[in-house]
Amino acid sequence: MQGQFYLGVKGSYSIPFNRSLEIKYDDAQDFFIYQVEFLEQDYTPTLSLVGYYRQDLVYFQSELGYKRAKTRFRANNYIDLDNITSTINVKTTHSIDVPVIAGVRIDRFKLGVGPTFSFILSDNEIFTDTDFFEEKRNFVETGFGFHFGILLYRLHVDVSYQYRFNEIGDYLYWRKTHQGFSQAVRYLDIGLGLYF
């Protein structure tokens, strides 16, 4: 069978799986002075351009999608005991996500795996109330996805489990030392694509 190539557009909704965590930070004398709690992460719906190639039982798929993620933290500042503050800090990240998928297609079902690359376009700095924090973020973040799909003529219903190799807040450094949360970013993507 000769291979066939399709272009399409796809909309996706992401459901995160991360749980709340907290980290306590101390000063050079080991006094507890700052606390950060990861609250939640949410995503706006993602719109992607998709390339899809299939031949016999094998298929390849790649996407180019814009994603905006909001990560919420609660910060308690105990540096000045006469002026203890508690704030909600929101990290907004804009990225282009590129999953690369290879898999098998059996009848109307497809099952695939592959890496995902996220190219960070922009984000905002948080925890600016203390000089102890700084941010060092990579321009590219990577992960891996497990993909399942159902083909309904030109419509593809896709479900993918995304596991990112980066951890939540892994860009945070406290007193020049990496101090992120020991929890990888994980979410479920549910998408609907139209192919031509």
Side-chain angles (χ1 to χ4, degrees), residues 11-48 63 65-99 115-147 159-191:
S12 321
Y13 180 74
S14 300
I15 303 171
F17 287 124
N18 294 101
R19 67 186 187 280
S20 178
L21 290 172
E22 69 176 37
I23 298 179
K24 296 179 179 179
Y25 301 95
D26 54 24
D27 61 12
Q29 287 76 41
D30 294 328
F31 287 107
F32 165 54
I33 59 172
Y34 209 88
Q35 178 185 24
V36 174
E37 180 185 3
F38 162 69
L39 299 176
E40 62 181 354
Q41 195 167 49
D42 63 67
Y43 303 89
T44 58
T46 302
L47 184 63
S48 306
E63 304 172 13
Y66 167 76
K67 184 183 289 289
R68 187 184 74 183
K70 288 190 174 182
T71 308
R72 292 178 175 83
F73 301 91
R74 177 183 290 115
N76 297 318
N77 188 334
Y78 302 100
I79 294 175
D80 182 358
L81 294 179
D82 294 326
N83 186 28
I84 297 174
T85 59
S86 180
T87 58
I88 300 296
N89 297 268
V90 180
K91 180 80 164 178
T92 303
T93 303
H94 304 268
S95 65
I96 296 293
D97 284 9
V98 184
T116 300
F117 304 91
S118 290
F119 299 90
I120 307 300
L121 301 177
S122 67
D123 62 2
N124 60 304
E125 289 192 5
I126 52 178
F127 310 132
T128 56
D129 58 341
T130 173
D131 293 332
F132 289 112
F133 268 119
E134 63 179 322
E135 297 186 26
K136 300 177 183 179
R137 190 165 196 176
N138 293 325
F139 168 69
V140 180
E141 296 179 344
T142 59
F144 204 79
F146 300 88
H147 306 266
V159 177
S160 67
Y161 173 76
Q162 291 287 338
Y163 181 92
R164 296 303 179 94
F165 299 137
N166 58 292
E167 298 174 339
I168 292 173
D170 63 354
Y171 41 80
L172 295 176
Y173 283 73
W174 175 264
R175 294 170 50 212
K176 309 296 183 181
T177 303
H178 175 244
Q179 292 285 341
F181 293 84
S182 57
Q183 181 179 187
V185 176
R186 298 172 296 129
Y187 58 89
L188 190 71
D189 263 347
I190 301 173

Just wondering, do [Y] and [X] contact through their side chains at under 4.5 Å, heavy atoms?
{"X": "Tyr171", "Y": "Asn166", "value": "no"}
{"X": "Leu172", "Y": "Ile23", "value": "no"}
{"X": "Ile168", "Y": "Val185", "value": "yes"}
{"X": "Thr93", "Y": "Thr71", "value": "no"}
{"X": "Asn18", "Y": "Phe181", "value": "no"}
{"X": "His178", "Y": "Tyr173", "value": "yes"}

What pairs with [X] under side chain to side chain donor-acceptor pair (under 3.5 Å), at least two apart in sequence or on another chain?
{"X": "Glu125", "result": "none"}
{"X": "Asn76", "result": "Gln35, Ser86"}
{"X": "Ser12", "result": "none"}
{"X": "Tyr66", "result": "His94"}

Self-check item: Any donor-acceptor pair under 3.5 Å from Asn138 side chain to Val140 backbone
Solution: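 Looks like no, no N/O pair under 3.5 Å.
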Quiz item: So, does Asn83 use its side chain to make a donor-acceptor pair with the main chain of Asn77 at under 3.5 Å?
Solution: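 Not a single qualifying donor-acceptor pair exists.
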Self-check item: Ser95 and Lys67: side chain donor to acceptor below 3.5 Å
Solution: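 Absent: no donor and acceptor within the cut-off.
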Quiz prompt | salt bridge (Lys or Arg N to Asp or Glu O under 4.0 Å) pairs, two or more places apart, involving residues 33-44 | solution =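 Salt bridge (Lys or Arg N to Asp or Glu O under 4.0 Å) check on residues 33-44 returns Glu37-Arg74, Glu40-Arg72, Asp42-Arg72.
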Exercise. Please collect all salt bridge (Lys or Arg N to Asp or Glu O under 4.0 Å) contacts where either partner lies in residues 159-186, sequence neighbours excluded, each pair once.
Key: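 As it turns out, the salt bridge (Lys or Arg N to Asp or Glu O under 4.0 Å) pairs with a partner in residues 159-186, which skip direct neighbours, are Asp26-Arg175, Asp97-Arg164, Glu134-Lys176.
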Residue list, ring-ring contact (aromatic ring centres under 6.0 Å, His included) with [X], at least two apart or on another chain:
{"X": "Phe117", "result": "none"}
{"X": "Phe144", "result": "Phe146"}
{"X": "Phe31", "result": "none"}
{"X": "Phe133", "result": "Tyr25, Tyr34, Phe127, Trp174"}

Exercise. Just jot down the salt bridge (Lys or Arg N to Asp or Glu O under 4.0 Å) partners of Arg137, sequence neighbours excluded, or say none.
Key: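 Once residues adjacent in sequence are excluded, the partners of Arg137 under the salt bridge (Lys or Arg N to Asp or Glu O under 4.0 Å) criterion are Asp123, Glu141.
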Exercise. Would you please name every residue forming a salt bridge (Lys or Arg N to Asp or Glu O under 4.0 Å) with Glu135, sequence neighbours left out?
Key: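 With neighbours one apart ignored, the set is Lys91.
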Quiz item: Would one find more than 12 heavy atoms of other residues, nucleotides or ligands at under 6.0 Å from atom CG of Asp80?
Solution: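 Yes.
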